[in-house]
Amino acid sequence: PQTEIVVYDDVNSLLATRFWWVLSYYGHKNVRVLHGGWNRWAFVEKLPIDFHATRLEPSQQPRTDLKPNDNMIVDIDSVVSVVAEPDAAFLVDTRSEMEWRGMNQN
C-alpha cells in the first residue's frame, strides 16, 4: 500500500490542495488535505505541535508506479464544449475578483 500523506498549509489550504492535486495526478491514491489546515490544528483545536523536523531516509527503490493521469487535464476543445453546452459540465473560475479583473496576476 502507498504511504499515507497528509498535506496542509497556513493559507486556507491553497498550497495544500495544489500539492494534493499533483500527487493525485501522478497516481498517489492515499493523500489527504488536513481539514482546516495549520491554523485550525494549532490555533482553534490547539492540538499538539512539534517543531522538530522529521528526516526520512530517501528510498533506495525508485517509484515506478506513479504515472500521470491525463484524465485529470482538459484541453481547450473540452473547455469550449462546456461553454457551448453548459449542462454537460461545470467550468469553475477560482480566481479572485482582482485576478479576474487583471489587477493581480499572482
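- Summarising the hydrophobic clusters (Ile, Leu, Val, Met, Phe, Trp, Tyr; side-chain heavy atoms under 4.5 Å, direct or chained), the residues clustered with Phe51 are Val6, Tyr8, Leu34, Trp38, Trp41, Phe43, Leu47, Ile49.
- Distance OG/Ser13 to CZ/Arg40: 10.5 Å, rounded to 0.5 Å.
- Sorted by first and then second residue, the salt bridge (charged side-chain N to carboxylate O under 4.0 Å, His left out) pairs with a member in residues 50-62 form an empty list; sequence neighbours excluded.
- Not counting sequence neighbours, the partners of Arg101 by the side chain to side chain contact (heavy atoms under 4.5 Å, CB included) test are Glu97, Met103.
- You'll find the side chain of Thr3 stays beyond 4.5 Å of the side chain of Asn30, heavy atoms only.
- Residues passing the side chain to side chain contact (heavy atoms under 4.5 Å, CB included) test with Asp75 are Asp77, Ser78, sequence neighbours excluded.
- With sequence neighbours left out, Ser96 forms a side chain to side chain donor-acceptor pair (under 3.5 Å) with Glu99.
- Under the side chain to side chain contact (heavy atoms under 4.5 Å, CB included) criterion, Asp93 pairs with Arg95, Trp100, not counting sequence neighbours.
- When the shell of 6.0 Å around CG of Asn12 is examined, it contains 12 or fewer heavy atoms from other residues, nucleotides or ligands.
- Cluster partners of Val92, by chain and number: Phe90. The rule joins Ile, Leu, Val, Met, Phe, Trp and Tyr whenever side-chain heavy atoms lie under 4.5 Å apart.
- The side chain to side chain contact (heavy atoms under 4.5 Å, CB included) test applied to Val80 returns Ile76, not counting sequence neighbours.
- Grouped by direct or indirect side-chain proximity (heavy atoms under 4.5 Å, Ile/Leu/Val/Met/Phe/Trp/Tyr only), Val7 sits with Ile5, Phe19, Trp20, Trp21, Val22, Leu23, Tyr25, Tyr26, Val31, Val33, Leu66, Met72, Ile73.
- When hydrophobic side chains of Ile, Leu, Val, Met, Phe, Trp and Tyr are connected at separations under 4.5 Å, Leu14 ends up clustered with Val11, Leu15.
- Taking Glu4 as the reference, Arg32 meet the salt bridge (charged side-chain N to carboxylate O under 4.0 Å, His left out) condition, with sequence neighbours excluded.
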